[in-house]
Amino acid sequence: MKKFKTTVSIMLMLAMSFSIAACNAQPAVTSLPSVSTESKETISETSTEATTTEETTETTETSETTSETTSETTTEETTTTKEPTPTPAPAAKTTVKDQYKRGFKVNGKTLYTHIPQVVIEGVDTKDFNAEVLKKFQDTAKKNDSRLYYSYYVGKKAVSLYITVELESGNSGKKNLYVYNCSRSTGKKLSKDEMLKIMGVSSSAFNTKVRNAIKNMWKKKYGSDKSSAKKQMEKDSLTNKMINSAIPYVNKDGKKAYLVRQIEVPSGALDHIDLHGTFS
């Protein structure tokens, strides 16, 4: 009987132990959702941090852009507050007038000689005008010749077209001269400089001059078959003669050329200054 009681007691104790163990295991099962929830929250927080990082990056870029804009604005304001730009020389007032004038009588008629000068406001044209005066002053003092001129004032250059009548009142004998003056420097312009201003290439200009000389020979001396005439024509078409041609703008604003001292057959003239316009 005593042994039976002991066995029952042991069995009761084991049953209670299993019951307690079962109760203790229950919280572990219910804790799984809690772990899963924490995992989602961590992912959510990570996502939020990534978003925050992106926003920070965009804000930084915007800040840099703003900085650049501020820098540009500052530069513009600085430029605005600079000293006013002086009026460009080409816009300066430009006039052409006599620097020498002389009247003399021929056959009871008074004729006048005029030597021009270029005056550009704010630009030194002293040397240019001195060269022109020196070239024609001796001729102007003679009673058997007279000078007159026409001119054109362009945006970048002034062209002077000067005519010298070798005998007073005789328009059949003339020498022609051209001078081009820069409106920005007041200096004499070379052939290449003037062509650039006119927007004409050297090859195009030389071709125009060559064709003009050929046409002159054909029209005026086509019937002359002499060897002397043929040689003069050949000499007038050499590169040296073609390259001596001077470009200018005439009084009507047209592009023009002048070829001086082309030797021609003896007669009323022994040379000719060929000039004309082109487009």
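If you read the sequence from its start, that first residue is 1, and numbering goes on from there.
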**Study point:** Positive for side-chain contact (heavy atoms from CB on, under 4.5 Å) with Phe205, one of Ile246, Ile242, Val200
**Key:**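 For Phe205, the side-chain contact (heavy atoms from CB on, under 4.5 Å) test succeeds with only one of Ile246, Ile242, Val200, which is Val200.
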**Study point:** side-chain contact (heavy atoms from CB on, under 4.5 Å) partner of Ser159, the single match among Val153, Asn250, Val249
**Key:**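 Output: one option passes, namely Val249.
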Exercise for review: Compute whether any side-chain donor of one residue and acceptor of the other, for Ser226 and Asp224, lie under 3.5 angstrom apart.
Suggested key: yes
Closest heavy-atom pair and its distance - [X], [Y]:
X	Y	value
Ala140	Ile115	CB-CD1, 4.0 Å
Val178	Pro247	CG1-O, 4.3 Å
Ala212	Tyr257	CB-OH, 3.2 Å

Answer yes or no: is there a side-chain heavy-atom contact under 4.5 Å between [X] and [Y]?
X	Y	answer
Val96	Tyr149	yes
Gln261	Asn175	yes
Lys97	Val119	yes
Leu189	Lys156	no
Cys181	Leu160	no
Tyr248	Met198	no
Val123	Thr94	no
Gln117	Val132	no

Are [Y] and [X] co-members of a hydrophobic cluster defined by side-chain heavy atoms under 4.5 Å apart?
X	Y	value
Tyr161	Tyr179	no
Leu133	Leu147	yes
Ile162	Leu258	no

Practice item. Decide side-chain contact (heavy atoms from CB on, under 4.5 Å) for Asn239 and Arg210; before the verdict, give the C-alpha distance in whole Å, the side-chain angles of both, and the deciding distance to 0.1 Å. Key: CA-CA 9 Å; Asn239 288 335; Arg210 188 181 301 276; 3.4 Å; yes
Do [X] side-chain atoms and [Y] backbone N/O form a donor-acceptor pair below 3.5 Å?
X	Y	result
Lys191	Asn243	yes
Glu165	Lys174	no
Arg183	Gly154	yes
Asp124	Lys126	yes
Asn129	Val118	yes
Glu233	Trp217	no
Thr125	Phe128	no

Check your understanding: Is it the case that more than 12 heavy atoms not belonging to Asn107 sit under 6.0 Å from its CG atom?
Key -> no
[atom1]/[X] to [atom2]/[Y] distance, rounded to the nearest 0.5 angstrom?
X	Y	atom1	atom2	value
Asn211	Leu237	CG	CG	9.5 Å
Asp252	Thr277	CG	OG1	9.0 Å
Lys188	Glu193	NZ	CD	11.0 Å
Lys196	Ser202	NZ	OG	13.5 Å
Tyr100	Thr113	OH	OG1	7.0 Å
Tyr151	Lys251	OH	NZ	11.5 Å

Exercise for review: Start with the C-alpha gap between Lys220 and Ile272, add the side-chain angles, then the distance that decides, and say whether side-chain contact (heavy atoms from CB on, under 4.5 Å) holds.
Suggested key: CA-CA 11 Å; Lys220 290 190 175 184; Ile272 187 172; 3.4 Å; yes
Exercise for review: For Ala130, check side chain to side chain contact (heavy atoms under 4.5 Å, CB included) against everything at least two apart and list the hits.
Suggested key: none
Exercise for review: Flag the pair Phe136 / Tyr177 as yes when their ring centroid distance falls below 6.0 Å, and as no otherwise.
Suggested key: yes
Practice item. Quick one: which residue pairs count as a side chain to side chain donor-acceptor pair (under 3.5 Å) with a foot in residues 135-145, not counting sequence neighbours? Key: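 Of all non-adjacent pairs touching residues 135-145, those that pass side chain to side chain donor-acceptor pair (under 3.5 Å) are Arg102-Asn143.
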Review point. Do Val259 and Met241 pass the side-chain contact (heavy atoms from CB on, under 4.5 Å) test, and can you show the C-alpha distance, the side-chain angles, and the key distance before you say yes or no?
Key: CA-CA 8 Å; Val259 190; Met241 179 62 73; 3.8 Å; yes
Practice item. Begin with the C-alpha distance, continue with both residues' side-chain angles, and end with the deciding distance and a verdict on side-chain contact (heavy atoms from CB on, under 4.5 Å) for Tyr221 and Met216. Key: CA-CA 8 Å; Tyr221 305 99; Met216 182 272 293; 3.9 Å; yes
